[in-house]
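Data first, discussion second: the structure below is written as structure tokens.
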2 protein chains.
Amino acid sequence: MHSPELLKGTLQTIVLKVLKDHGKMYGYEITQCVKELSDGNLLLTEGALYPTLHKLEADGLLKTETVMLGRRVRKYYTLTTEGKSLVKERVNEFIRFIQTMENVLQVDFK
Amino acid sequence: MHSPELLKGTLQTIVLKVLKDHGKMYGYEITQCVKELSDGNLLLTEGALYPTLHKLEADGLLKTETVMLGRRVRKYYTLTTEGKSLVKERVNEFIRFIQTMENVLQVDFK
DNA sequence: TCTAATACCTAACTTTCTTAGGTAATAAGA
DNA sequence: TCTTATTACCTAAGAAAGTTAGGTATTAGA
């Protein structure tokens, strides 16, 4: 497991990219997906995830669709057009940050 | 320039590693060193740096030596033994985080 | 029947930044 | 000489973005 400090600032990027790669997803599904992709190293807490999803929606980057499964509510999130273009920027920004850190820390990631 | 959000959680690691690589340094010198290493992409603010240095010192990871240059004060920081062993851990933790992010974001840093 | 998993959510608190100040010595240029 | 930029230290208020710890409720399985 990683220090949760490192996650700060990357949660939005993770959510946006996972939604881009997997299309329509609901909150709980995102936590499970990230858990799998990270081999159990990244466990998104709901206290962080849901406020993030709500913020991304409020910012017009995500849109929602609420579905009833019997009596159960499920809220699906998808990227808006604006959201789609932001994903690339965010991922590129992260990559540039990593490259900068490689220089500052004098290490080799790969 | 990078989004300052991404810096969160990495400032301690940067300070520790730069001190390990360059030995005795003072605060202002650290900001200039990081600026150079990052090609101007990482500009440490003093409001973030000084509290971080004080915290690392309080935690026993750094020790200080105050030098007078004429009337000017300069405060040098060096790693303690404890600090030296922590640097490796922090850098390794960061590398593992990057590798995890590579999987989650499905990108290739190289 | 009780627990674990699924599925949503909020609120108090903490950490860690940014922003915006303050002080003061020294160097450089108009 | 005066003014500004740079060097060099610092703190405090506020914001951002997490954690921790709750709450509600359905469904599946032992």
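To find a chain, count down the sequence lines: A is the first, B the second, and so on, and within it residues start at 1.
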Residues that B:Tyr77 engages under ring-ring contact (aromatic ring centres under 6.0 Å, His included), provided they are two or more places apart: none
Without decimals, in angstroms, what is the distance between B:His54 NE2 and C:dT16 C1'? 16 Å
The answer to which of A:Lys8 and B:Gly47 contacts DNA chain D further toward the 5' end, by nearest nucleotide, is B:Gly47
Please list all pairs passing the side chain to side chain donor-acceptor pair (under 3.5 Å) test where one or both residues lie in residues 98-108 of chain B, with sequence neighbours left out. A:His2-B:Thr100
Which whole-number value in Å describes the distance from A:Leu49 CG to C:dT10 P? 12 Å
My understanding is that only residues two or more places apart in sequence, or in another chain, count here; which of them pass side-chain hydrogen bond (donor to acceptor under 3.5 Å, both in side chains) with B:Lys55? B:Asp59
Residue pairs fulfilling side chain to side chain donor-acceptor pair (under 3.5 Å) with at least one residue in residues 15-26 of chain B, sequence neighbours excluded: B:Lys17-B:Asp21, B:Tyr26-B:Arg74
Looking at every non-hydrogen atom in both residues, tell me the closest pair between A:Val104 and B:Ser38 and how far apart they are. CG2-CB, 3.7 Å
Report the residues that fulfil ring-ring contact (aromatic ring centres under 6.0 Å, His included) with B:Tyr50, sequence neighbours left out, ordered by chain and then residue number. none
Taking all heavy atoms of B:Phe97 and all of A:Leu6, pick out the closest pair and write down the distance. CZ-O, 3.4 Å
Please report, rounded to the nearest Å, how far the C1' atom of C:dT15 is from the CG atom of A:Leu11. 16 Å
Using heavy-atom distances to pick each residue's nearest nucleotide on DNA chain C, tell me which of A:Ala48 and A:Val73 is more 5'. A:Val73
Here the distance between atom C1' of C:dT16 and atom CD1 of B:Ile14, to the nearest Å, is 13 Å
Selection: residues 18-38 of chain B, any non-hydrogen atom under 4.0 Å of DNA chain C: none
Partners passing side chain to side chain contact (heavy atoms under 4.5 Å, CB included) against A:Thr13 (at least two apart in sequence or in another chain): A:Arg90, A:Val91, B:Leu105
In the structure I gave you, are the side-chain heavy atoms of B:Leu42 and B:Lys35 within less than 4.5 Å of one another anywhere? no
Do any N or O atoms of the protein come closer than 3.5 Å to N or O atoms of nucleotides 22-29 of chain C, and which pairs are they?
residue, atom, partner, partner atom, Å
C:dT26, O4', B:Arg72, NH1, 3.1

List for me each residue that meets side chain to side chain contact (heavy atoms under 4.5 Å, CB included) alongside A:Glu36, sequence neighbours excluded, and say none if there are none. none
Could you check how far NZ of B:Lys55 sits from P of C:dC17, rounded to whole Å? 11 Å
How many whole angstroms separate atom CG of B:Leu7 from atom P of C:dT19? 12 Å
Check residues 61-68 of chain B and write down every donor-acceptor pair under 3.5 Å in which the side-chain atom is one partner and the other belongs to a residue at least two apart or another chain.
residue, atom, partner, partner atom, Å
B:Thr64, OG1, B:Glu57, OE2, 3.1

Could you tell me the separation between the CD atom of A:Glu57 and the P atom of C:dC8, rounded to a whole number of Å? 13 Å
Using a heavy-atom cut-off of 4.0 Å to chain B, what are the terminal contacting nucleotides of DNA chain D, in 5' to 3' order? D:dT7 to D:dA17
